[in-house]
There are 2 protein chains.
Amino acid sequence: MSEIDLLVRKLAARDVVPEDEQQALRAAATETVPYAAGEEVVREGERQTVSRLLVSGLIARVKLLDDGRRQITELHIPGDFVDLHSFLLKRLDHDVIAVTPARLVSYPHEGLRKITEQWPHLTRLLWLSTTLDGAGHREWIVSAGRRTAAEHVGHLFCEFLLRYEVVGLGDRRRCPLPLTQQQLADACGLTPVHVNRVLQELRHEGLLEWRAGELTVPDFDRLAQVSRFDPAFLNLIREPR
Amino acid sequence: MSEIDLLVRKLAARDVVPEDEQQALRAAATETVPYAAGEEVVREGERQTVSRLLVSGLIARVKLLDDGRRQITELHIPGDFVDLHSFLLKRLDHDVIAVTPARLVSYPHEGLRKITEQWPHLTRLLWLSTTLDGAGHREWIVSAGRRTAAEHVGHLFCEFLLRYEVVGLGDRRRCPLPLTQQQLADACGLTPVHVNRVLQELRHEGLLEWRAGELTVPDFDRLAQVSRFDPAFLNLIREPR
DNA sequence: GCCCGCATTTAACCCAAGTTAGCGCGATGC
DNA sequence: GCATCGCGCTAACTTGGGTTAAATGCGGGC
């Protein structure tokens, strides 16, 4: 399996990815770097010269306040560029950390710049990928601002199921979810205690199981309904970009 | 004054914008469209063929839940593209509405596509502009998830002051803020009643005044400190992109 | 100069989520 | 085999922000 296959699946859910553009992408990659669980991949504010594609494991974007409060702003699954935005921003406004052991493929910014000069359609696909992040961010703002804790957790789980389905590593019934309740709390802006209460509630209603890092949802549509989940923000429409 | 001057100021705060790229941008614009206060500019889910640059007024991106809850996910000031991401996404996950009377310049996607084929550096600047939106979104997630109501409101005000300063329409002491308390509540994920309580508190501490659609902050640094505001997410660094 | 409608303000009461503290358990290590 | 440590879970109590409702202010239209 090539290191870009999962990314191609993700992009192919939104547009055609011609073979020559896949080649150009492959040519832009340099080494694959392994990280241990808990290890820092990118530190906030440091100048970046490469962007990184996740091929295995789970990665979080984390923002820290000076007094120790922390908020996860995005969780990345294989096939996601974890910091493609650093190609433009150069310095990130957040840390990137490995939640589980993970492998990341490096794409030097110099090679990405060349792609913008020779492959306009591929450039638009990469740009699209960062705007998908943006749509995900907006959904998280709504969850944090206007959804109840149970809706928030359920919504996040629905998002995970569909995103794993797109890259072929899960489906609407089950997907990996190798998080602690503390980390889930940091993603939802809740306390671990309350996350635990909400999980009890969702479990007792038979909406989900979550054991050994795997999420199982017997009835996706029911969970989606109680969580007010609408998949439109995932932009799963194949059309020319 | 050209319709792209404010955008050029915004971009020039992050990189050099050569004259020929400015010309290419000007050439891509078609008409300027006026909107009334409260008017809908973009409806969620409808296929878009143009993106729009705000030249005057205030614009909000709004996400609605089926039961009437609403969350503003971004507020746009002159010089912002309000829906450049529609160039890639084609269908937006949110509405765009005019908060005040506003004027928007249209950039057909066809012209933007040509820019991606002939002007790689300008393409990167436009891509950068959407990643700045993303950084703003992440800051809003932190505000909604981990900041107190007072910090949240203060943080948003600091963000406004600096963004207006960048385009030369305000400074750290004062800027336009033509919102109702209800709209501010929808931006912060609070109720109007609580927004009012928080504003009383901030006013009584002499941190700000807000009357007739104008915000005045006597001591920016003090407001920034109590709000835990760090301007890094605005990426105000001039370097090659 | 008087209405009307909307925005702001205040007050009383309520509840979803936070705080603090402690227990049980399984994995890890020596 | 035993100590340790992180994680999940529970309980008792507190609180920040929500809810509801009712005043008050105020700008624009005629």
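What you see is a predicted model, and the numbers here were worked out from it, not measured in a lab. In what follows, chains are A, B, ... by sequence order, proteins preceding strands, each numbered from 1.
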A.B. asks: Which whole-number value in Å describes the distance from Asn196(A) CG to dC9(D) C1'?
C.D. replies: 5 Å
A.B. asks: When the distance from CD of Glu201(A) to P of dC15(C) is rounded to whole Å, what number comes out?
C.D. replies: 16 Å
A.B. asks: His152(A) NE2 to dA16(C) C1': how many Å, rounded?
C.D. replies: 15 Å
A.B. asks: Roughly how many Å is it from CG in Leu199(A) to P in dA17(C), rounded to a whole number?
C.D. replies: 13 Å
A.B. asks: I need the CG-P distance between Leu202(A) and dC9(D), as an integer number of Å.
C.D. replies: 13 Å
A.B. asks: Between Phe229(A) and Phe157(A) (judged by ring centroids, cut-off 6.0 Å), do the two rings come close enough to count as a pair?
C.D. replies: no
A.B. asks: Rounded to whole Å, please give me the gap between CG in Leu177(B) and P in dT8(C).
C.D. replies: 11 Å
A.B. asks: Between protein and nucleotides 15-26 of chain D, map the contacts as a letter string: B base, S sugar-phosphate only, - none, heavy atoms under 4.0 Å, written 5' to 3'.
C.D. replies: --BBBB------
A.B. asks: Can you see if the side chain of Gln182(B) gets near the phosphate of dA7(C) - specifically, an N or O under 4.0 Å from OP1 or OP2?
C.D. replies: no
A.B. asks: Separation of Arg211(B) atom CZ from dT9(C) atom P, in whole Å?
C.D. replies: 11 Å
A.B. asks: Decide if atom CZ of Arg203(B) counts as having more than 12 heavy atoms of other residues, nucleotides or ligands within a radius under 6.0 Å.
C.D. replies: yes
A.B. asks: Starting at CH2 of Trp210(A) and ending at P of dG8(D), how long is that distance when rounded to a whole Å?
C.D. replies: 7 Å
A.B. asks: Does Arg228(A) pair with Asp66(B) as a salt bridge, N-O distance under 4.0 Å?
C.D. replies: yes
A.B. asks: Quick check: Phe87(B) with Tyr107(B) (ring centres under 6.0 Å apart)?
C.D. replies: no
A.B. asks: Assert yes or no for the condition that the ring centre distance of His94(A) to His85(A) is strictly below 6.0 Å.
C.D. replies: yes
A.B. asks: Using distance alone, with no hydrogens and no angle criterion, decide if Asp221(A) and Gln225(A) have a side-chain donor and acceptor under 3.5 Å apart.
C.D. replies: no
A.B. asks: Does a nitrogen or oxygen in the side chain of Gln200(A) sit under 4.0 Å from OP1 or OP2 of dT10(D)?
C.D. replies: yes
